[in-house]
Amino acid sequence: MSSSDAADITIDPQTIKELHLFEAAISDVDTEVTAKQYLMSRDIFAARQKTIAKIPSFWAVTFDNAASELEAAVTAADLQVFSAALTSVEVTRPEIPASAKPSDVGLDKFGEPRSLQFTFRFGPNDWFSDSELTKTFYFRYGKDGSAGLVSEPIKIHWKSPDKDLTQGLSDAALAFWNAQKADASQQLDGVLANDARHARDAAAKKIPEYDVLAKKLENNVEGAMSFFNFFSYRGRWISAAEHVEAKAELLAKRKAAQAGNEMDEDDDDDEDDDEDFTEEAVETFPAGHEVAVTIAEDIFPNAIDYFMGNTIDSDIEIDDEDEDEEMEG
């Protein structure tokens with residue numbers, strides 16, 4: 001059957017709702033499996049790091065070989081920093097409760113497993129003074145029906161402007177975030193939807209730091225390409241309070257649908273689909289959500305495969321002294 005034939009098939013609304021319920025149930029299972037796998041493997045990954053620490057440039061080679069999966073987010077300059085200084089990468093899921101066990105049953109036992117925390121550790125280097133950069137991504141539902149990872153920009157202490165691989169973007173993104181937090185009208189901890197959110201977005205664009213960031217993004221094409229903008233990613237901001245309300249509403253709708261009851265649909269849910277939101281207009285790392293998930297679910301757990309399997313294609317030279325000695329002998 002061709003795609004055009006499938007498009008002609010008529011499906012009644014109730015059947016479509018049932019299909020959506022099955023999709024949601026499968027998604028819940030996937031998320032629960034993710035949580036259990038994390039709990040079962042975290043000690044293994046901690047032990048793995050002790051061996052990885054013996055290998056020079058392990059993470060630089062790994063990220064270099066994963067360039068296509070990272071949507072070309074790592075530049076040659078970034079790899080130079082990684083090769084010279086990156087000693088370890090750690091991925092955790094901070095919103096899984098400490099009491100959770102792999103034997104637990106039910107997604108409610110695992111908090112929000114899709115939230116992620118990345119810790120990049122560095123040795124002394126010429127670029128910045130930080131020995132550790134920790135970035136937390138929170139998975140949140142919005143009142144408008146959206147869902148995704150949001151995060152607060154963090155400070156990178158560049159040693160000088162010419163060493164800043166983002167060319168001032170990471171500092172400008174942090175300055176705009178701090179200006180919003182200091183402005184009570186922005187209500188970053190509030191529950192906003194529709195007109196209230198539009199009003200906040202309009203007010204945000206009048207903050208001087210917004211204009212500074214927008215101009216830097218327009219003029220610093222090279223700086224915008226650096227992976228270090230990952231640490232200033234925001235996403236479309238959703239507060240923790242809004243997430244709680246939105247998730248409760250979503251679960252209530254699903255429960256009602258499972259019982260065969262009708263619930264009022266939100267007429268305004270689709271109004272924002274094509275709108276350019278404030279955060280998105282000045283996002284320093286647009287692929288932040290996708291890259292975070294890719295690192296957490298693919299590159300980090302499969303780091304050995306990326307390092308060993310594709311090393312020959314890497315631009316980073318590996319000095320294998322033992323192998324050289326064996327060949328000479």
Side-chain angles (χ1 to χ4, degrees), residues 27-46 48-49 52 59 62-63 66 69-71 73-74 78 82 86-102 104 107-122 130 132-142 146-156 170 173-174 177 227-240 242-244 246-247 279-280 283-306:
S27 177
D28 284 351
V29 171
D30 289 341
T31 303
E32 185 174 342
V33 169
T34 294
K36 293 184 176 186
Q37 185 176 31
Y38 167 76
L39 293 172
M40 295 175 69
S41 61
R42 59 182 173 180
D43 290 342
I44 297 173
F45 289 137
R48 182 186 71 174
Q49 176 54 35
I52 287 176
W59 287 107
T62 298
F63 278 105
E69 285 76 7
L70 289 171
E71 303 185 29
V74 180
D78 296 328
F82 288 173
L86 183 58
T87 59
S88 76
V89 175
E90 182 182 6
V91 179
T92 58
R93 296 182 182 269
E95 294 196 306
I96 294 180
S99 59
K101 304 182 296 295
D104 290 339
L107 185 55
D108 60 310
K109 304 292 195 305
F110 298 98
E112 182 43 82
R114 289 166 290 190
S115 293
L116 302 164
Q117 186 172 82
F118 300 85
T119 301
F120 286 65
R121 297 185 177 89
F122 299 87
D130 306 277
E132 185 173 292
L133 294 175
T134 298
K135 176 75 168 171
T136 305
F137 292 72
Y138 298 99
F139 187 91
R140 287 180 177 164
Y141 291 100
S146 63
L149 294 174
V150 303
S151 183
E152 299 184 19
I154 67 168
K155 176 69 176 177
I156 300 177
S170 60
L174 180 61
W177 170 256
F227 177 80
F228 283 90
N229 289 302
F230 176 79
F231 297 100
S232 58
Y233 167 82
R234 288 182 54 175
R236 186 183 175 198
W237 182 253
I238 299 170
S239 69
E242 180 177 343
H243 166 74
V244 171
K247 186 175 182 179
E279 300 96 328
E280 295 170 348
E283 178 59 72
T284 58
F285 201 81
H289 177 109
E290 292 79 11
V291 168
V293 172
T294 297
I295 294 175
E297 298 186 357
D298 181 17
I299 296 171
F300 178 77
N302 299 309
I304 295 173
D305 288 339
Y306 278 106

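What you see is a predicted model, and the numbers here were worked out from it, not measured in a lab.
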ask   = What about the rings of F110 and Y38, do their centers lie closer together than 6.0 Å?
value = no
When you compare the side chain of [Y] with that of [X], does any pair of heavy atoms fall below 4.5 Å?
X	Y	answer
I154	T136	no
I52	Q49	yes
L107	P113	yes
E152	W237	yes
P301	F45	yes
T34	R93	yes

request  = For the pair S41 (side chain) and I44 (backbone), establish whether a donor and an acceptor sit closer than 3.5 Å, ignoring hydrogens and angles.
outcome  = no
Report the distance from atom [atom1] of [X] to atom [atom2] of [Y], rounding to the nearest 0.5 Å.
X	Y	atom1	atom2	value
K101	I96	NZ	CD1	13.5 Å
E95	L116	CD	CG	10.0 Å
Y141	K247	OH	NZ	6.0 Å
F230	D78	CZ	CG	12.0 Å
T134	E90	OG1	CD	8.5 Å
S27	E32	OG	CD	11.5 Å

ask   = Given the rule in the ring pair (Phe, Tyr, Trp, His ring centres under 6.0 Å) test, do F118 and F137 qualify, once you have shown the distances and angles that lead to the verdict?
value = CA-CA 8 Å; F118 300 85; F137 292 72; 5.5 Å; yes
Shortest non-hydrogen contact from [X] toward [Y]:
X	Y	value
T62	A303	OG1-O, 3.7 Å
I238	R140	O-NH1, 2.8 Å
A296	V91	CB-CG1, 3.8 Å
L86	R121	CD1-O, 3.3 Å
T294	E69	CG2-O, 3.7 Å
K109	A100	O-CB, 3.7 Å

query = Does NZ or CZ of R48 lie under 6.0 Å from the centre of the six-membered ring of F300, at an angle within 45° of the ring axis?
reply = yes
query = Parallel, tilted or perpendicular: which describes the rings of F227 and F120, with under 30° parallel and over 60° perpendicular?
reply = tilted
inquiry  = Using 30° and 60° as the class boundaries, would you call the ring planes of F82 and F63 parallel, tilted or perpendicular?
reply    = tilted
More than 12 heavy atoms of other groups within 6.0 Å of Q37 CD = no
request  = Check the surroundings of atom OH in Y138: do more than 12 heavy atoms from other residues, nucleotides or ligands lie under 6.0 Å from it?
outcome  = no
ask   = Under the side-chain contact (heavy atoms from CB on, under 4.5 Å) criterion, do V293 and L149 qualify, and how do the steps go?
value = CA-CA 9 Å; V293 172; L149 294 174; 4.0 Å; yes
message = Using the side-chain contact (heavy atoms from CB on, under 4.5 Å) definition, which of the options S151, P153, P286 pairs with Y233?
response = S151
